[in-house]
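We name chains A, B, ... by the order of the sequence lines, and we start the count at 1 in each one.
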There are 2 protein chains.
Amino acid sequence: MVRASEARTSRQEQVEQRRAELLEAAKQVVLERGLSHTRVADVAAATRVSGGLIHYHFATKDVLLTEMLRTEAERDIAKARRLATGTGNPLARLDRVMREFVPSSRNDQTWVLWIDAWGAGLRDETLRTISEELDAAWNEMLFIVISDGVASGDFTTTDPRGVADRISALLDGLGLRVTLQRPGISRKQMQEHARVIAELELGLAPGSLADAAT
Amino acid sequence: MVRASEARTSRQEQVEQRRAELLEAAKQVVLERGLSHTRVADVAAATRVSGGLIHYHFATKDVLLTEMLRTEAERDIAKARRLATGTGNPLARLDRVMREFVPSSRNDQTWVLWIDAWGAGLRDETLRTISEELDAAWNEMLFIVISDGVASGDFTTTDPRGVADRISALLDGLGLRVTLQRPGISRKQMQEHARVIAELELGLAPGSLADAAT
DNA sequence: ACAACTTCACTGAATATTCAGTCAGTGGGC
DNA sequence: GCCCACTGACTGAATATTCAGTGAAGTTGT
C-alpha cells in the first residue's frame with residue numbers, strides 16, 4: 001500500500017521531528033547549564049518526555065550533545081555562506097559578514113555554545129573537528145569576500161589569506177570578550193575594532209566600511 | 001620559645017607548602033582531564049595523599065579549583081608585568097610581550113587552562129572575574145608598552161588603548177587556534193600575524209619588529 | 001473490511017556507578 | 001599530654017543507562 005508515503009507525517013518523519021525536538025531542547029539546556037553540567041533528565045524534562053526516550057533516540061548523552069553541536073555548526077556554516085555569497089559589492093559583503101560575527105547580546109546563543117565547545121574540544125577529537133569546520137567556514141567566507149574585493153579593485157592587499165586569518169582571529173578574540181562581559185568592550189566597540197582593522201589591512205580610507213553599511 | 005620561627009619549616013610553612021603542592025597537583029589534573037572532569041580523588045592520587053586531606057585543606061572541590069586558577073592567574077600577571085616593564089626600547093618590549101603570548105607548544109599549559117576557564121566563566125562569576133583580571137593585566141601591559149613607544153616616537157597611533165585592545169584580542173584568537181591545533185596555523189604564523197598587525201597599527205615599517213628581536 | 005498480528009515510540013521504575021564530602025581514629029612532634 | 005595534619009572507610013546524593021511493559025499505528029491474511 002502506498003498510503004504511508006502520502007501521509008502528512010510518516011513514522012520516519014515523526015522520528016525525524018522528535019530527534020530535532022530533542023536536539024533543540026539539548027541546545028537550550030546546554031546554553032543554560034553548560035555542556036558539562038547538562039543532564040539527560042534536563043533534556044527530557046524540557047521536552048516533557050521520559051528519560052528513557054532520550055536513549056531510545058541517542059545511544060548516549062555524548063552522542064546527543066555531539067549531534068546537537070554538529071547540527072548547530074551546519075546551520076551556522078550555511079548562514080556564513082549565505083552572507084558571504086549574497087548580493088552587494090565586496091565592501092557591503094565584508095561588512096555584513098563582520099557584523100554577523102558580533103554577538104547579538106550579552107549571551108548570544110551561538111557564542112556561548114562555541115566557547116563551551118572550544119573547551120570541550122581540548123580533549124575531544126570529535127568536538128574539536130566540529131568547531132574546526134565552523135571556524136574554517138567563516139575563515140573561508142572572509143577569504144572569498146576579500147579576494148573578490150581585491151579582484152574588483154575595492155581592496156588592496158598582497159596576502160588575502162593572511163588578512164582573513166587575522167580578521168577572523170580578531171573577531172574571535174573580541175566576541176569572546178563581549179560574551180564574557182569584559183568591562184570596557186561593548187558590541188559597538190567590537191564592531192568598531194573590526195572596522196578599523198579591516199580598513200588598515202585592506203587599504204581603505206577610514207570610515208569606508210562604516211559608510212558601506214548605510 | 002623562638003625556635004618555631006627559626007625552624008627551616010614551621011608548621012605553618014608546612015601547611016603552606018602542602019597547599020601549594022595540592023594546588024599544583026590540581027593544575028596537572030585539570031590540564032589532563034579538564035576543569036569539569038577533574039575529581040578530588042585524582043588530585044589526591046597525584047599527590048599520594050588521602051582523599052580526606054583535600055577537604056582538610058580546601059572546603060570543597062570548587063574552592064580548590066578556584067584557588068588554583070587564582071594562583072595561576074597571579075603568577076601569569078606577575079610575568080606579564082615583568083616582561084612589559086623590563087629593559088629595552090619599546091620595540092623590544094612589545095616584541096617580548098607578544099612572543100610570550102604565543103603558546104609554547106601544542107598543549108601549552110597556560111592556554112589550555114584559560115580556554116577551559118573561559119567556558120567555566122560563562123556561568124561562574126568568580127571564575128569569570130579571575131580570567132578577566134588576567135586578561136586586563138595583559139591588555140594593560142600592551143597599553144603601557146605602546147604608550148611608551150608613542151611617547152618616545154617609536155610608534156605612531158592616535159588610539160593606543162584601541163591598538164592594545166585589538167592586538168590582545170587578535171592574540172587570543174590566534175592562541176586559541178594554535179592550542180586547538182587548527183590546521184594551517186603554527187606558532188610561527190601566529191608570531192608573524194602579530195607582527196604584521198602591530199606594524200600596521202603602529203606605523204612601523206614592515207619587518208621592524210622582526211629585526212627588534214635580534 | 002475486519003481480525004489477528006507485528007512494529008515501534010515511548011514510559012517509568014530499577015539498576016549501577018561514580019563521587020564529593022564526612023568522620024572517627026592515628027601518630028608524630030612540640 | 002595535646003595539637004593537628006592526615007588516613008581511609010563510609011554515606012548519600014546524583015545521574016547515566018537499562019529494561020520490561022504499554023498502546024497506538026501499521027501490516028498481513030482472508
Side-chain angles (χ1 to χ4, degrees), chain A residues 1-26 29-30 32-68 120 123-124 126, chain B residues 1-26 29-30 32-69 120 123-124 126-127:
Chain A
M1 210 203 243
V2 200
R3 204 87 209 331
S5 63
E6 289 175 345
R8 177 121 334 124
T9 53
S10 70
R11 254 189 179 171
Q12 196 179 340
E13 279 167 338
Q14 274 179 313
V15 165
E16 204 60 34
Q17 195 177 323
R18 182 37 63 91
R19 277 180 56 99
E21 194 183 356
L22 294 177
L23 289 173
E24 176 60 26
V29 174
V30 169
E32 275 171 40
R33 314 204 28 135
L35 268 181
S36 61
H37 291 119
T38 291
R39 289 165 284 178
V40 173
D42 293 329
V43 179
T47 324
R48 293 173 198 270
V49 121
S50 76
L53 186 66
I54 308 291
H55 289 97
Y56 178 78
H57 289 285
F58 302 93
T60 66
K61 185 174 80 155
D62 273 3
V63 168
L64 169 68
L65 297 180
T66 303
E67 290 281 294
M68 183 273 282
R123 282 126 200 141
D124 183 319
T126 312
Chain B
M1 206 206 249
V2 200
R3 202 92 207 330
S5 63
E6 290 175 345
R8 177 118 339 122
T9 53
S10 70
R11 257 194 177 164
Q12 195 179 341
E13 280 167 338
Q14 275 180 314
V15 165
E16 205 60 33
Q17 195 175 324
R18 182 39 64 90
R19 276 179 58 99
E21 195 182 355
L22 293 178
L23 289 173
E24 176 60 27
V29 174
V30 169
E32 277 171 39
R33 315 202 26 130
L35 269 181
S36 60
H37 291 118
T38 291
R39 289 163 288 180
V40 173
D42 294 328
V43 179
T47 324
R48 293 172 197 270
V49 121
S50 76
L53 187 66
I54 308 291
H55 289 99
Y56 178 77
H57 288 285
F58 300 93
T60 67
K61 184 174 81 155
D62 273 3
V63 169
L64 168 68
L65 296 180
T66 304
E67 290 280 295
M68 183 273 282
L69 286 171
R123 281 129 200 138
D124 183 318
T126 311
L127 290 189

Open item on the list: Rounded to whole Å, how long is the line connecting atom CG of B:Leu53 with atom P of D:dA9?
Closed with: 16 Å
- [ ] Check whether any side-chain N or O of B:Ser50 sits under 4.0 Å from OP1 or OP2 of D:dG8, and answer yes or no.
- [x] no
Open item on the list: How long is the straight-line distance from CZ of A:Arg19 back to CE of A:Met68, given to the nearest 0.5 Å?
Closed with: 13.5 Å
TODO: Give the B/S/- string for nucleotides 14-24 of chain C, one per nucleotide from 5' to 3', where a protein heavy atom under 4.0 Å of the base yields B, of only the sugar-phosphate yields S, and otherwise -.
DONE: -----SSBB--
Task: Atom pair distance, as rounded to whole Å: CZ in A:Arg18 and P in C:dC8 - done: 17 Å
- [ ] Answer yes or no: is there a side-chain heavy-atom contact under 4.5 Å between B:Lys61 and B:Ile54?
- [x] no
- [ ] Using side-chain hydrogen bond (donor to acceptor under 3.5 Å, both in side chains) as the criterion, list what pairs up with A:Glu32, not counting sequence neighbours.
- [x] none
Open item on the list: Nearest 0.5 Å, please: how far is CG in B:Leu127 from CG in B:Asp62?
Closed with: 8.0 Å
Please list every donor-acceptor pair under 3.5 Å in which a side-chain atom of residues 43-53 of chain B meets a protein atom from a residue at least two apart or in another chain.
residue	atom	partner	partner atom	Å
B:Thr47	OG1	B:Val43	O	2.7
B:Ser50	OG	B:Leu53	N	3.4

Task: Reference residue A:Val30; test side chain to side chain contact (heavy atoms under 4.5 Å, CB included); the match among A:Leu65, A:Asp42, A:Leu64 - done: A:Leu65
Open item on the list: Just the rounded figure in Å: distance from P of C:dT7 to CD of A:Gln14.
Closed with: 19 Å
Task: Nearest-angstrom distance from the residue atom CZ of A:Arg48 to P of C:dT11 - done: 13 Å
